[in-house]
Number of protein chains: 2
Amino acid sequence: MPRTPEKAGYSPKRKPPPSAAEETGPGSPGCSLPQVEEALRLLEGRWKLVILFHLLHTPVLRFSELERGIPGVSQKMLIQQLRELERDGLVVRTVHPQVPPKVEYSLTGFGQALLPTLRALRDWAALRKAPALAERG
Amino acid sequence: MPRTPEKAGYSPKRKPPPSAAEETGPGSPGCSLPQVEEALRLLEGRWKLVILFHLLHTPVLRFSELERGIPGVSQKMLIQQLRELERDGLVVRTVHPQVPPKVEYSLTGFGQALLPTLRALRDWAALRKAPALAERG
DNA sequence: CAGCATCCTACGGGATACTG
DNA sequence: CAGTATCCCGTAGGATGCTG
């Protein structure tokens, strides 16, 4: 993102609404919708879930392994998404100071906590082939 | 998307890889990664999960209700995401032929099947405040 | 009320080339 | 090997205005 010289935090017209803590009332779905929305942002990005799926299956993976494991991704995207996941506390990046560089990625506790979600997601994905699914609920 | 007069299906350089059913082997994470990836696409979009959360909480909602329930969204986006969800078989759109138009949205069986996933996601989101979460997994 | 149409910008994300 | 830098396109998505 060299287009903005700074950190490019981005905060324009997007969330101009009132103060905050407003939908957090008792009438909101589940528990606190905005809190969920916030967490959802951490997972946005075409490759994040895929990366997490891989790291959940293989606890430690180096960059090249991830790259090979996710055929459609470019290094730029892989790096970018990994950095965001790291910044958001989902993934740990470990650099081994060697001559041929070696960097390994693994999940934090927070990242591992996604296990139930990803498992449910996988099961849901499997439903797409199930014929017993009535189209009209 | 009036820029492309047609349906603008979009299919450029995105998925040029081999045939398919290749990672579906026994060595892949969980079950079949590409299948999960495919299902993941149905949920992409800034507002889709939020919409689904709302519809899971309130089974039937009209357009204006959703609009009010999701403060940050624009009508354009709301419509667009709803249409995609409808097209992908997650949501049903029911038009009531009245003078002041009335359109209601609800989940299909497939959409309702996301309940466990969304629940897990909500629980995970709640973890962000939990102090007992070691940053290094 | 529910939606379509249009314009416009920022971001997502791919391709390629270069570096420690 | 594991990135960084740059160029570039297409899409996401906001703002506004109009319609049945």
Side-chain angles (χ1 to χ4, degrees), chain A residues 1-17 37 40-41 43-51 60-86 91 93-105, chain B residues 1-17 37 40-41 43-51 60-86 91 93-105:
Chain A
M1 308 79 164
R3 279 182 175 169
T4 40
E6 293 276 46
K7 245 197 69 190
Y10 188 54
S11 55
K13 306 94 189 177
R14 256 181 171 171
K15 285 233 171 173
E37 286 186 59
L40 246 28
R41 313 293 294 257
L43 304 178
E44 275 181 13
R46 255 208 79 188
W47 308 103
K48 288 192 184 170
L49 275 306
V50 185
I51 292 172
V60 178
L61 283 171
R62 11 192 334 187
F63 184 82
S64 54
E65 292 176 320
L66 277 167
E67 199 171 2
R68 254 175 282 125
I70 311 176
V73 80
S74 60
Q75 311 96 311
K76 176 190 167 186
M77 270 303 104
L78 187 51
I79 293 258
Q80 187 178 296
Q81 308 265 296
L82 279 168
R83 287 290 150 89
E84 287 182 26
L85 288 171
E86 185 192 4
V91 159
R93 178 169 168 271
T94 312
V95 183
H96 299 269
Q98 302 175 175
V99 169
K102 177 177 176 181
V103 179
E104 292 180 323
Y105 295 89
Chain B
M1 309 81 162
R3 276 179 178 173
T4 39
E6 293 276 49
K7 244 196 71 189
Y10 188 55
S11 57
K13 305 95 192 178
R14 255 178 172 172
K15 284 236 173 172
E37 287 187 58
L40 246 28
R41 314 292 296 253
L43 303 178
E44 275 180 11
R46 256 208 76 186
W47 308 102
K48 287 193 185 170
L49 274 305
V50 185
I51 292 171
V60 178
L61 282 170
R62 9 192 338 185
F63 185 81
S64 54
E65 291 176 320
L66 277 167
E67 199 171 2
R68 253 175 284 126
I70 311 177
V73 79
S74 61
Q75 311 97 312
K76 177 191 168 186
M77 270 303 106
L78 187 51
I79 294 259
Q80 187 179 296
Q81 308 264 297
L82 280 169
R83 286 291 148 86
E84 287 182 26
L85 288 171
E86 186 193 3
V91 158
R93 178 170 169 270
T94 313
V95 184
H96 299 267
Q98 303 175 175
V99 168
K102 177 178 176 181
V103 179
E104 292 180 323
Y105 295 88

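Protein chains get the first letters and strands the later ones, always in sequence-line order, with residue 1 at the start of each.
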J.: Hey, does Gln81(A) reach any base, or is it just sugar-phosphate, or nothing, if we go heavy atoms under 4.0 Å?
T.: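 Gln81(A): backbone/sugar contact only, no base atoms under 4.0 Å.
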
J.: Using atom CD1 of Ile79(A) as one end and atom P of dG12(C) as the other, report the distance to the nearest whole Å.
T.: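 Rounded to the whole Å, the gap is 17 Å.
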
J.: Please report the interatomic distance CD1(Ile70(B)) to CD(Glu67(B)), rounded to the nearest 0.5 Å.
T.: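 So the gap between those two atoms works out to 9.5 Å.
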
J.: What is the distance, to the nearest angstrom, from the CG atom on Leu82(B) to the P atom on dA2(C)?
T.: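 Taking CG of Leu82(B) and P of dA2(C), I get 11 Å after rounding.
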
J.: Rounding to an integer number of Å, can you tell me how far Arg83(B) CZ sits from dG3(C) C1'?
T.: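 Between C1' of dG3(C) and CZ of Arg83(B): 7 Å.
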
J.: Can you find a side chain N or O atom of Arg93(A) that sits less than 4.0 Å from OP1 or OP2 on dA2(D)?
T.: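 Negative; the distance criterion is not met.
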
J.: Output the single nucleotide from dG14(C), dG3(D), dA2(C) whose closest atom is nearest the side chain of Pro101(B).
T.: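 From the listed options, dA2(C) comes nearest.
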
J.: Measure the spacing between CZ of Arg62(A) and NZ of Lys102(A) and express it to the nearest 0.5 Å.
T.: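 Rounded to the nearest 0.5 Å, the CZ-NZ separation comes to 5.5 Å.
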
J.: Using a cut-off of 4.0 Å on non-hydrogen atoms, how would the nucleic acid contact of Pro100(A) be classed: base, sugar-phosphate, or nothing?
T.: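 The residue Pro100(A) makes no contact with any strand.
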
J.: Nearest 0.5 Å, what's the CZ-CD1 distance between Phe63(A) and Ile79(A)?
T.: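 CD1 of Ile79(A) is found 4.0 Å from CZ of Phe63(A).
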
J.: Relative to the 5' end of DNA chain C, which residue comes earlier, Val95(B) or Val99(A), by the nucleotide with the nearest heavy atom?
T.: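 Counting from the 5' end, the first nearest nucleotide belongs to Val95(B).
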
J.: From CE of Met77(A) over to P of dG14(C), roughly how many Å is that when rounded to an integer?
T.: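 Going from CE in Met77(A) over to P in dG14(C) covers 6 Å.
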
J.: Report the distance from atom CD of Gln75(A) to atom P of dT16(C), rounded to the nearest whole Å.
T.: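 These atoms are roughly 11 Å apart.
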
J.: Does a side-chain N-to-carboxylate-O contact under 4.0 Å join Glu65(B) and Arg68(B)?
T.: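 Salt bridge: no.
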
J.: Consider the side chain of Arg46(B), meaning its heavy atoms from C-beta on, and name the nucleotide among dG14(C), dG13(D), dC4(C) that approaches it most closely.
T.: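 That would be dG13(D).
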
J.: Say you draw a straight line from CE of Met77(A) to CZ of Arg46(A); how long is it, rounded to the nearest 0.5 Å?
T.: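 Result: 10.5 Å between the selected atoms.
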
J.: Within less than 4.0 Å of OP1 or OP2 of dA15(D), is there a side-chain N or O belonging to Ser74(B)?
T.: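 No, because none of the side-chain N or O atoms of Ser74(B) sits under 4.0 Å from OP1 or OP2 of dA15(D).
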
J.: Please state whether the phosphate of dG3(D), meaning OP1 or OP2, lies under 4.0 angstrom from any side-chain nitrogen or oxygen of Arg62(A).
T.: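 The answer is no; no side-chain N or O of Arg62(A) sits under 4.0 Å from OP1 or OP2.
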
J.: Hey, which sits more toward the 5' end of DNA chain D by its nearest nucleotide, Phe63(A) or Glu44(A)?
T.: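 Its nearest nucleotide being more 5', the pick is Phe63(A).
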
J.: Can you tell me how far P of dA2(C) sits from CG of Leu66(B), to the nearest Å?
T.: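 In whole Å, dA2(C) P and Leu66(B) CG are 10 Å from each other.
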
J.: Provide, to the nearest angstrom, the distance between the CD atom belonging to Gln80(B) and the P atom belonging to dG13(D).
T.: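 Nearest whole value for this atom pair: 7 Å.
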
J.: Measure from the side chain of Val103(A), starting at C-beta and using heavy atoms only, and say which of dG3(D), dG13(D), dC7(D) lies closest.
T.: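 Side chain of Val103(A) sits closest to dG3(D).
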
J.: Would you kindly give the NZ-to-P distance between Lys102(B) and dG3(C), to the nearest whole Å?
T.: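 These atoms are roughly 13 Å apart.
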
J.: What's the closest nucleotide to the side chain of Tyr105(A) if the choices are dG3(D), dA2(D), dG14(C)?
T.: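 So the side chain of Tyr105(A) is nearest to dG3(D).
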
J.: From the list dT6(C), dG14(C), dT16(C), which nucleotide is the closest neighbour of the side chain of Lys76(B)?
T.: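 When the side chain of Lys76(B) is considered, dT6(C) is the closest of dT6(C), dG14(C), dT16(C).
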
